[in-house]
2 protein chains.
Amino acid sequence: MTDARRGVPGPRKVGLAEVPDPVVEKPTDAVVRIVAAGVCGSDLWQYRGLEPLPTGARMGHEFIGVVAAAGPEVRSVQPGDCVVSPFSYSDGECSACREGLFVSCAEGGVWGDPGTPGGAQAEAIRVPFADATLVRLPVSGITGPDIRRFLPLADVLPTGHHAASLAAVGAGTGVVVIGDGPVAACACLAARRLGAERVLVLGHHPSRLAVSRAVGAETAAVRSLEEAVEAVRGFFGGLADVSLECVGTQDAVDTALACVRDGGVLSYVGWPTAGVAIPLRSTFDRNISVRGGLAPARRYLPELLADVAAGVLDPSPVIDAELSLEAAGDAYSVMDRRDVLKVCLRP
Amino acid sequence: MTDARRGVPGPRKVGLAEVPDPVVEKPTDAVVRIVAAGVCGSDLWQYRGLEPLPTGARMGHEFIGVVAAAGPEVRSVQPGDCVVSPFSYSDGECSACREGLFVSCAEGGVWGDPGTPGGAQAEAIRVPFADATLVRLPVSGITGPDIRRFLPLADVLPTGHHAASLAAVGAGTGVVVIGDGPVAACACLAARRLGAERVLVLGHHPSRLAVSRAVGAETAAVRSLEEAVEAVRGFFGGLADVSLECVGTQDAVDTALACVRDGGVLSYVGWPTAGVAIPLRSTFDRNISVRGGLAPARRYLPELLADVAAGVLDPSPVIDAELSLEAAGDAYSVMDRRDVLKVCLRP
């Protein structure tokens, strides 16, 4: 089969390679034929060389697809089932999994990381612990609109939900979202779903902010921390109760801190670039709590999927381009240039 | 009257000065004759020049005393009443105070900070917003033992409680406390009071750790982060559920992070020295929450005082020396040399 990977050393190179087809290796494995794979903002960090990867590293961690084969111990899915996978697999049995912290499973891994079966930007993938990892989609075949509404369940929607959920967002919470990417838009969706009436999204790019408006948030394009604080004060009449940081840079973290009131919560789900830190002098006097981290997406999938399937939650707008897997290199470059928000690749 | 203050530029100098006696200036003021004032670990940062203060800065923020005068609008205390003050005063009326976040009161301040009525290491002090700030002690006069049990209510006991409370410590929580000072010992007391059965205190100085043992915790003297993690694994059979960081240095924060399990809480109340930061790469993958900050001591005073007065909570062991106010310079130097844990000054 074909998959996407870093083709040569140095940034901004993603190419294709021919690799052995995945097969069921253990009785709890499934093999999934991938119907659509997302390109994630964190893939871009790697593409840009901010997170150097070895040549040949396999790319992608978001996919939906159809089960092609299942080991004899797999109970919850069978060949032909349409499924979504969270961006990581996990055994479902260890103490971390039992607590719902699937991303801390010692037997698990994020698709594409070294030592995992492979990346999701591929024609197929072997899924360990299929029962604990995969979630069946309530469709008999994945059509065009299904891709855009279901693929965000793999990562960006549960990640946005993680931010809002950890910040205990509810009715009455004044929520500022830092970022204008797909996770930020999903954090809006999640905050609205949890009852927040006042959600303000701050980003740098007016065109990208349109997506957050499409999912029901107010937005402001700001160029500096000072402008961000001014926008927040104008919108809320004070600082926000919670900041949902969906970027991962020091600028975004500093802005998130500056926008939240004393006693409030900074919830961060942007993958932190190297060196990003919370200066405790900026949180100590103000008693700001810092929560967040890598979303245990699998934990949230059932409830989020139910709402997406019922049509009451629609993350479709965060995917605004579709390309063939062969065009993986182009997918990265158009996202890198911010020509599009999020590409899905179709093997 | 006399108070203690920075006498000359440069570190390690605290002297006395003759200043005007405080008087009631506003109808909501009280004047308190100070019976005992604590020297705090954060005073030591300043003494050591890590937090440079101007010459003449007034020192101290922990005191108990007797009301000497009260303005006509003061209702809750009257001359002759024995009182404790939290380390900061606050108006009790603003949105921050109504939320219980007294340290964020815009009209308030930490005793001794620029713009406040003065430091607590003095013969007397003017207390703004006396009703909202002072809490009456259930004694008719402050005797020797009263000093050691009630003075910790001003700062270190509610600060330790803040750490344990924000970490939602309860029965079954595995608690590691980082530090061997008075706040660490009080964090132990607070964790035990909230039901924790397993509390391990990590410090560098065996003699100082004796105080935490005296208040019911297990202790280990460790010299490095690696030794700390080893001690924690030995004690809990894994990492701790929560780390209570009671020092404020980068080493302590890093150790606290290394000792807490994925999905756990780092609760920090050590006053952060300049530059201390939480590297988000160390918390993101592990979903560690970071809570903490400056304790809203006034919020906790009623419940903690009730338990101290009832004899079920005894922070006395954290004060192991008493000196006259005239010996303020010596108090700082013996604490600086770690000859004693915490001095109380008697004007």
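Every value quoted in this text rests on a predicted model; they were computed, and no experiment measured them. Below, read A as the first sequence line, B as the second, and so on, with proteins coming before strands; counting in each chain starts at 1.
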With respect to chain B, which residue among A/Ala274, A/Ala295, A/Ser282 yields the maximal number of heavy-atom pairs within a distance under 4.5 Å?
-> A/Ala274
Under 3.5 Å: donor-acceptor pair, side chain of A/Asn287, backbone of B/Leu294 = yes
Please confirm whether the backbone N or O of A/Gly275 pairs with a side-chain atom of B/Arg281, one donor and one acceptor, at under 3.5 Å?
-> no
CG of B/Leu166 to OG of A/Ser289, rounded to nearest 0.5 Å, is 6.5 Å
CG/B/Leu101 to CZ/A/Arg261 distance, rounded to the nearest 0.5 angstrom?
-> 8.0 Å
Can you name the nearest heavy-atom pair linking B/Gly270 to A/Phe284, along with the distance?
-> O-CE1, 3.6 Å
Of the non-hydrogen atoms in A/Ala277 and B/Ala277, which two are nearest, and what is the gap between them?
-> CB-CB, 3.8 Å
With a 4.5 angstrom heavy-atom cut-off, could you sort out which part of A/Val269 is near chain B: side chain, backbone, both or neither?
-> backbone
Side-chain contact test, heavy atoms from C-beta onward, threshold under 4.5 Å: evaluate it for A/Asp285 versus B/Val103 and give yes or no.
-> no
Who wins among B/Val110, B/Thr273, B/Val265 for the most heavy-atom pairs under 4.5 Å with chain A?
-> B/Thr273
Looking at B/Gly292, B/Gly263, B/Ala96, which makes the most heavy-atom pairs under 4.5 Å with chain A?
-> B/Gly292
B/Val253 portion near chain A, given a 4.5 angstrom heavy-atom threshold = side chain
Could you go through the side-chain contact (heavy atoms from CB on, under 4.5 Å) check for A/Ile278 and B/Leu280 one step at a time?
-> CA-CA 7 Å; A/Ile278 302 279; B/Leu280 290 187; 3.6 Å; yes
